[in-house]
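What you see below is based on every heavy atom in this structure, not just the backbone, and it leaves out hydrogens, waters and symmetry mates. Order of the sequence lines fixes the chain letters, A, B, ..., with proteins taken first and strands second; residue numbering starts at 1 for each chain.
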There are 2 protein chains.
Amino acid sequence: MMELTRKGDYAVRGIVYLASQPPDKISLLSEIAAAVDVPQTFLAKIFQQFSKTGIVKSFRGTGGGFMLACPADEITLLQVVEAVEGPVLPNRCVLKPGECERDSFCTVHPIWLQVQKQIRDILGNVTLKDLASS
Amino acid sequence: MMELTRKGDYAVRGIVYLASQPPDKISLLSEIAAAVDVPQTFLAKIFQQFSKTGIVKSFRGTGGGFMLACPADEITLLQVVEAVEGPVLPNRCVLKPGECERDSFCTVHPIWLQVQKQIRDILGNVTLKDLASS
DNA sequence: AGGTAACAGGACTTGACAAGTCCTTTATTC
DNA sequence: GAATAAAGGACTTGTCAAGTCCTGTTACCT
């Protein structure tokens with residue numbers, strides 16, 4: 001249970017690669033895909049999402065490619081995985097109060113909230129800088 | 001991301017109901033299903049799994065049904081969800097060392113291990129007794 | 001023994017979503 | 001305007017979630 005999808009896994013690989021490059025270098029999608037061993041067409045979709053959520057900047061045309069939108073130590077693992085996988089939600093009922101008609105008497109509800117918080121805490125405290133320095 | 005399936009959700013509901021009943025009462029599947037608002041045929045599958053992993057005892061025939069196999073304070077939420085959802089695995093690479101050919105240099109690996117441990121810690125420290133007393 | 005109550009187990013269905021692929025368009029540079 | 005590279009949409013394929021249904025097996029009851 002609780003598994004990350006391949007998309008999430010690939011997303012992390014790809015952006016960690018970006019973070020390990022010189023800060024102002026623009027990397028080609030083809031280069032990233034080859035380096036982290038992910039199908040290029042699939043990685044393209046992932047980086048489009050990154051681009052939309054603003055954690056990477058993209059440039060088209062000759063000399064184009066991708067680079068981080070901010071310094072590696074200002075992007076957390078949480079931002080990366082939530083960008084492609086959506087918010088961390090151990091159970092639907094955690095979405096918001098009232099979402100689940102059982103929540104008034106559901107004793108498990110607070111446990112899921114606690115799980116959600118812990119996961120977010122861990123992932124939110126790891127930056128790309130931490131991950132890139134290997 | 002990280003969502004529990006309905007099966008897992010239903011599993012928790014069902015067994016918490018059992019835990020809230022008098023310790024030696026045998027409950028009918030039909031009774032449990034109605035009480036927690038889950039399709040009975042689906043809940044049947046779930047309780048079969050519980051039965052196989054030994055956290056509930058089942059009895060066939062007239063007067064049959066289900067009861068907890070041990071006291072409610074000896075069954076953890078972790079046991080319940082892992083019984084039906086499989087082990088807590090934030091990423092496939094956490095399965096075991098060597099599973100992922102990238103793990104020797106993958107800096108994210110320890111993070112997933114940490115997430116896994118935290119989730120297991122939280123769920124492993126909540127018993128059905130805690131959940132049944134509402 | 002026969003009938004009925006209740007769980008066990010297998011086969012099947014339906015729909016959604018994961019995991020990609022492919023093609024066309026748009027933006028940029030030379 | 002030709003080449004380069006990302007953006008975006010449409011499509012495919014397979015797997016798995018979420019059930020349903022039917023038959024079998026076990027246990028009790030008269």
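Between the NZ atom of B/Lys57 and the P atom of C/dA8 there is a distance of 14 Å, given to the nearest Å. In this entry the distance linking CG of A/Leu29 with C1' of C/dA27 reads 16 Å, nearest Å. For the pair A/Phe42 CZ and C/dC22 C1', the computed distance is 15 Å after rounding to whole Å. A/Lys52 has its NZ atom 10 Å from the P atom of D/dA7, to the nearest Å. The CG atom of A/Leu43 sits 14 Å away from the P atom of C/dA19 (whole-angstrom rounding). Rounded to whole angstrom, the span from the CD1 atom of A/Ile46 across to the C1' atom of C/dA19 amounts to 10 Å. Residue A/Glu3 contributes atom CD, which lies 13 Å from atom C1' of D/dT15 at whole-angstrom precision. Counting to the nearest Å, the C1' atom of D/dA17 and the CE atom of A/Met1 are 15 Å from each other.
By the criterion of side-chain heavy atoms lying less than 4.5 angstrom apart, applied directly or through intervening Ile, Leu, Val, Met, Phe, Trp or Tyr residues, A/Val36 is grouped together with A/Val81 in one hydrophobic cluster. If you chain together hydrophobic residues whose side chains sit under 4.5 Å apart, B/Met67 and B/Val56 never meet in one group. No path of Ile, Leu, Val, Met, Phe, Trp and Tyr side chains, each step under 4.5 Å between heavy atoms, connects A/Leu68 with A/Ile26, placing them in separate hydrophobic clusters.
For A/Gln118 (side chain) and B/Ile119 (main-chain N/O), no donor-acceptor pair under 3.5 Å exists by modelled atom type.
In terms of position along DNA chain C, the nucleotide closest to A/Gly8 lies nearer the 5' end than the nucleotide closest to the other residue of the pair A/Gly8 and A/Arg60. Along DNA chain D, the nucleotide nearest to A/Gly61 and the one nearest to A/Gln48 differ in position, and the one closer to the 5' end is contacted by A/Gly61. If B/Thr62 and B/Thr5 are placed on DNA chain D by their nearest nucleotide, the residue sitting closer to the 5' end is B/Thr5.
Here the nucleotide nearest the side chain of A/Arg6, chosen from C/dA6, D/dA18, C/dG20, is C/dG20.
Counting heavy-atom neighbours within 6.0 Å of B/Lys25 NZ, excluding the residue itself, gives a total above 12.
Residue-level contact check: B/Phe59 touches the backbone only, with heavy atoms under 4.0 Å from sugar-phosphate atoms and none from bases. No contact: A/Phe47 has no heavy atom under 4.0 Å from any strand. The residue B/Lys45 sits close to a base: some heavy atom pair falls under 4.0 Å. Using a 4.0 Å heavy-atom criterion, one finds that A/Thr41 contacts the bases of the nucleic acid, with or without backbone contacts as well.
Contact annotation: B/Ser51 side-chain N/O to C/dC7 OP1/OP2 distance is not under 4.0 Å. In this model, the phosphate group of D/dG19 is approached by a side-chain N or O of B/Tyr10 to a distance below 4.0 Å at OP1 or OP2. The side chain of A/Ser58 places an N or O atom within less than 4.0 Å of a non-bridging phosphate oxygen (OP1 or OP2) of D/dA7.
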